[in-house]
Participant: 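Below you'll find the structure I mean.
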Amino acid sequence: MSEKKNWWGFAGPVVGVRVYRNDVRVVRSGRPFAGDVEKVSPIRGMVHELTWKSRRRLMFTALNSNVDFGLMITLTYPRVFPQSGKEVKANLRDFLRHMRKRAFYGQFEYLWFLEFQKRGAPHIHILCDLSLPCDVRERREMYACVSMLWAASVATTNVDHLKAGTRTERLRSQDGGRRYVAKYASKTEQKKVPVNFQDVGRWWGCSRGVPPIEPPLVHCSEVELRHWLKVGGWEYLPDKHTPMYSVLYNAAKHLPSDQEYDIIEL
DNA sequence: GCCCGGATTTTGATTTATAT
DNA sequence: ATATAAATCAAAATCCGGGC
C-alpha cells in the first residue's frame, strides 16, 4: 500500500520541539533534500512588497520576544516627505541612535515597522520597552524630547512638524505591542510600495535584544507531540495526513509545563 | 556631533517531490 | 504548468561600537 507523500516526505521525522514564549518550533532530523545540486548564486530582486514570509518572521519575533513593549512611538512626516527608503532609513537610524544614547533611557530595545499612509507618506511605528514617567511634567519632557529627536533626524525646522511628527503612547497591556504587530502583519491588504517611492529596503527591524533566544530542544516523537497538543486543546492540530508545520502558532501554552519535559542541555 | 567598518539580520531566489 | 512549505544561500540592509 503506497502511502501518500507530500512536500515533507523528504524531510526527516519529528525529533523534538523548541517551546518559545508563544509559539512552538518543530524540529526534524535530516535534510529536506540532498545538497549535491550545483550551487548557483541567485541575484536578489528588489523589495516590492511586504511578503507573507516576512510577516511571519515579524510575527514570530514579536510574539516570542522576551522584551515587554510598553510604549509605541509613531513617526510621521509633514506634507513634504521623502520618496526614497534610503532617506527614511537614514532618518530612522539617526533617531534610534539618539534615543539609545540618552542616558536616562538606559537600555533601549525596540522593534520598528514601516507603513505607508494613504497619501503615500512613509510612517514608522516603533515598539519599545521604555516606560512613561508618572510625573506629568517629566512625561511632557519626554514627549518633547522624542519630538525633538525626530525633528532633528529629519533635519527640519518646520514647527508644525515638531508637533505632528511623533506620537508617543503607552500600550494598554504588556502584550499590547505584540498584538499591534500581529495586526500589522496579518492585515490582508497588500503592503505595496507607492509608485513613486524608491528603494524601500526592509519593512521591519529590531534591536539585538529583541529576537528570542533559542530554547533547548525537547525530544519527542510526532505521536507524542500530537498527543500533547490534543490533550492541551490546541485548535489547529492537523489531521494525520497533513504534516505538522515547522512553526505551531500559539501552541506554547497548550503544551505541558517545562518540568514535565526531559530537557536536554545544549 | 559624524563617519567607518565588522557583525548581524532581513530578504528574494532556488531547491526539493508530489498532487492537481 | 502550477502550487506547495521550508531549508538554504548570498546580497543588501541594518546594527552598533569605536574613532575622530
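As a basis for the values below, the full set of heavy atoms in this structure was taken, side chains included, without hydrogen atoms, waters or symmetry mates. A note on names: the letters A, B, ... follow the listed sequences, proteins ahead of strands, and every chain is numbered from 1.
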Participant: Starting at atom CE of A:M99, determine the distance to atom P of C:dC16, rounded to an integer number of angstrom.
Facilitator: 14 Å
Participant: In chain order, what residues pass the side chain to side chain contact (heavy atoms under 4.5 Å, CB included) check against A:S221, with sequence neighbours excluded?
Facilitator: A:V223, A:E224
Participant: A:Y143: what forms a ring-ring contact (aromatic ring centres under 6.0 Å, His included) with it, not counting sequence neighbours?
Facilitator: none
Participant: In whole Å, I'd like the distance from the NE2 atom of A:H48 to the C1' atom of B:dT11.
Facilitator: 13 Å
Participant: Tell me the bend of the helix from B:dG1-C:dC20 to B:dT20-C:dA1 as the angle between end helix axes, each from five pairs, rounded to the nearest 10 degrees.
Facilitator: 30°
Participant: Residues in side chain to side chain donor-acceptor pair (under 3.5 Å) with A:R226, at least two apart?
Facilitator: A:E222
Participant: Taking protein heavy atoms under 4.0 Å as touching, what does nucleotides 1-10 of chain B look like 5' to 3' if B marks base contact, S marks sugar-phosphate-only contact and - marks none?
Facilitator: S-B---BSBS
Participant: To the nearest angstrom, how far is A:E87 atom CD from C:dA13 atom C1'?
Facilitator: 17 Å
Participant: Please tell me which of the listed nucleotides, C:dC15, B:dT11, C:dC16, lies nearest to the side chain of A:W112?
Facilitator: C:dC15
Participant: Does A:A182 have any side chain to side chain contact (heavy atoms under 4.5 Å, CB included) partners at least two apart in sequence or in another chain, and if so, which?
Facilitator: A:M59
Participant: Go through the structure and list residues passing ring-ring contact (aromatic ring centres under 6.0 Å, His included) with A:F95, not counting sequence neighbours.
Facilitator: A:W150
Participant: Whole-Å distance between C:dC15 C1' and A:F108 CZ?
Facilitator: 13 Å
Participant: Hey, which of these two, A:K53 or A:G85, hits DNA chain C nearer its 5' end, going by closest nucleotide?
Facilitator: A:K53
Participant: With sequence neighbours left out, write down each residue that passes side chain to side chain contact (heavy atoms under 4.5 Å, CB included) with A:Y180, or none if nothing qualifies.
Facilitator: A:M72, A:F113, A:H125
Participant: From CG of A:L96 over to P of C:dT14, roughly how many Å is that when rounded to an integer?
Facilitator: 11 Å
Participant: What does A:Y110 touch in the nucleic acid at a heavy-atom separation under 4.0 angstrom: a base, only the sugar-phosphate, or nothing?
Facilitator: sugar-phosphate
Participant: Does A:R179 make a cation-pi contact with A:Y184, if we ask for NZ or CZ under 6.0 Å from the ring centre and within 45° of the axis?
Facilitator: no
Participant: With a 3.5 Å cut-off and no angle check, do the side chains of A:Y77 and A:N91 form a donor-acceptor pair?
Facilitator: yes
Participant: Provide, to the nearest angstrom, the distance between the CZ atom belonging to A:R28 and the C1' atom belonging to B:dT16.
Facilitator: 14 Å
Participant: Map A:D199 and A:E109 onto DNA chain C by nearest heavy atom, then report which one ends up closer to the 5' terminus.
Facilitator: A:D199
Participant: Please state whether the phosphate of B:dT11, meaning OP1 or OP2, lies under 4.0 angstrom from any side-chain nitrogen or oxygen of A:T51.
Facilitator: no
Participant: Would you say A:S246 places a side-chain N or O within less than 4.0 Å of OP1 or OP2 belonging to C:dA6?
Facilitator: yes
Participant: Could you tell me the separation between the CG atom of A:N91 and the P atom of C:dA13, rounded to a whole number of Å?
Facilitator: 16 Å
Participant: Not counting sequence neighbours, which residues clear side chain to side chain contact (heavy atoms under 4.5 Å, CB included) with A:N66? List them please.
Facilitator: A:R21
Participant: Over all strands shown, is A:K89 touching base, sugar-phosphate only, or nothing at heavy-atom distances under 4.0 angstrom?
Facilitator: sugar-phosphate
Participant: For the residue pair A:W204 / A:S54, report whether a side-chain donor-acceptor contact shorter than 3.5 Å exists.
Facilitator: yes
Participant: Measure the distance from CE on A:M46 to C1' on C:dA12 and round it to the nearest whole Å.
Facilitator: 11 Å
